[in-house]
Amino acid sequence: MQTATSSNIYQLSEEQLAVRDAARDFAQSELWAGVIERDEHQKFPAEQIKKMAELGFMGMMVSPEYGGSGLDTVSYVLAMEEISKVDASCSVIMSVNNSLVCWGLEKYGTEEQKQKYLPRLCSGEIIGAFALSEPEAGSDATSQRTTAEDMGDHYLLNGTKNWITNGTTASVYLVIAQTHPELKSRGINVLIVDKDMPGFIQGPKENKLGIRGSDTCSLMFTDVKVPKENRIGDDGFGFKFAMQVLAGGRIGIASQALGIASGSLELSLKYAKERKAFGVPIAQHQAIQFKLADMATNVDAARLLCLQAAADKDNGADYGKSGAMAKLFASKVAMDSAVEAVQIHGGYGFVKEYHVERFMRDAKITQIYEGTSEIQKIVISRDILK
């Protein structure tokens with residue numbers, strides 16, 4: 001199966017191809033082994049993440065000045081696809097660290113904040129997390145109940161966050177909280193919270209359907225003193241910050257979904273050529289051929305949308321709509337492709353050792369986190385109607 005587009009619409013550079021190949025080699029040689037065990041036992045891939053950091057995958061778009069790889073978003077999309085073909089738990093850890101935490105810090109943080117956190121985030125010494133969702137604030141991100149009371153030289157942080165990726169393993173958290181309720185979305189701030197700050201507690205890991213190697217938990221803040229120098233941007237910038245980083249984060253999750261879909265296709269092609277029914281490989285039966293044709297077409301279309309969104313971001317164009325389109329479509333393709341992969345594998349598709357049942361479980365979350373499919377449709381429709 002091709003891992004680049006078959007036309008010249010997106011002519012990948014030698015550097016971009018090298019990044020893609022390096023990610024594929026790493027995924028195949030380092031992630032396949034143990035991926036089923038990590039999924040079954042909800043085991044965080046600490047060793048694998050450290051190796052990913054050594055290869056530069058944890059700070060891909062960060063400037064070398066701060067210890068990053070200095071690569072473009074297209075390279076990031078290519079790497080995310082290859083990692084996600086094998087282990088979507090590893091890729092979501094990589095996505096949050098890159099898209100939400102590192103990018104947000106480098107784009108909007110002070111020089112002191114960048115120097116303090118980015119080199120360690122890129123090197124894998126620490127992992128980052130992004131805390132926006134709450135028990136009553138998911139798709140409606142303006143309904144923040146977590147408060148950051150201005151106490152002069154510091155903020156007093158109180159509240160609860162839900163569904164936080166890297167929640168139990170991160171060392172630094174970008175926390176969205178309300179300081180001026182009367183100003184609504186314009187009164188929200190984003191604060192950098194360190195794991196060891198008194199009053200900050202991480203809840204137990206959630207027992208999830210998919211991406212089980214990635215840790216997800218709730219966070220509780222009780223009178224946590226956060227220094228003023230830990231605020232990113234001006235007073236009231238938090239909501240805009242969240243929307244900006246999530247717009248880029250959608251490209252990462254779209255690429256994750258693309259990887260799950262293309263991984264499902266690759267395994268289905270391999271199995272269809274080996275498995276025989278009625279005396280011939282099932283790949284010779286038209287029913288299977290049509291399934292593979294649909295999967296291949298949709299995977300290529302999803303890849304083009306991901307590359308378009310990445311190119312828009314790299315070129316300084318508005319990538320809100322293209323990122324939302326990429327996530328909306330790629331997440332549907334991931335779910336559809338994984339379901340078809342299980343069907344093509346028949347009874348074996350229901351067995352863990354063939355991997356496709358894991359792809360089916362992992363695919364579903366791509367339609368939910370970093371903006372549900374319904375939210376993506378709102379983003380797209382608002383753009384095309386304005």
Pairing donors with acceptors under 3.5 angstrom, does anything connect the side chains of S262 and E81? yes

For a quick check under 3.5 Å, do D235 and H180 share a side-chain donor-acceptor pair by atom type? yes

Please check if atom NZ in K377 has more than 12 non-hydrogen atoms from other residues, nucleotides or ligands closer than 6.0 Å. no

Basic-acidic side-chain contact under 4.0 Å: D300, R303: yes

Does K195 NZ have over 12 foreign heavy atoms under 6.0 Å away? yes

With a 6.0 Å cut-off (strictly less than), is the heavy-atom count around CD of Q289, excluding the residue itself, greater than 12? yes

Do E370 and R250 meet the salt-bridge criterion of a basic N to acidic O distance under 4.0 Å? no

Hey, are E40 and K352 close enough for a salt bridge, meaning a charged N less than 4.0 Å from a carboxylate O? no

Taking everything shown except E111 itself, do over 12 heavy atoms lie less than 6.0 Å from its CD? yes

Give the ring-plane orientation class for F200 versus F221, where under 30° counts as parallel, over 60° as perpendicular and anything between as tilted. parallel

Distance col, row I188:CD1 vs T146:OG1, nearest 0.5 angstrom, shows 10.5 Å

Hey, is K51 close enough to E47 for a salt bridge, meaning N to O under 4.0 Å? yes

Take atom CG in D153; do more than 12 heavy atoms of anything else shown fall under 6.0 Å from it? yes

More than 12 heavy atoms from other groups under 6.0 Å of CD on E15: no

Verify whether one side chain among E357 and Y348 offers a donor that lies under 3.5 Å from an acceptor in the other. no

If only atom types and distance count, is the side chain of Y173 paired as donor or acceptor with the main-chain N or O of G167 below 3.5 Å? yes

Check G67 against C122 and note the closest heavy-atom contact, atom names and distance. O-CB, 3.4 Å

Parallel, tilted or perpendicular for H355 and F359, by the 30°/60° rule? tilted

With distance as the sole criterion, is a donor-acceptor pair present between the side chains of T216 and K208 under 3.5 Å? yes

Residues R212 and D362 bridged, charged N to O under 4.0 Å: no

Is there a side-chain contact between I127 and S171, using heavy atoms and a 4.5 Å cut-off? no

If the plane angle is over 60° it's perpendicular, under 30° parallel, otherwise tilted; pick one for F241 and F130. tilted

Under 4.0 Å between a Lys/Arg side-chain N and an Asp/Glu carboxylate O for R145 and E136? yes

Within 45° of the axis and under 6.0 Å from the centre of the six-membered ring of Y155, does NZ or CZ of K225 qualify? no

Tell me if the centroids of the rings in Y66 and Y117 come within less than 6.0 Å of each other. no

In terms of side-chain geometry, is the basic nitrogen of E274 or K270 positioned less than 4.0 Å from the acidic oxygen of its partner? yes

Should E54 and K50 count as an ion pair when the cut-off is N to O under 4.0 Å? no

Any salt bridge (Lys or Arg N to Asp or Glu O under 4.0 Å) pairs touching residues 310-323, not counting sequence neighbours? none

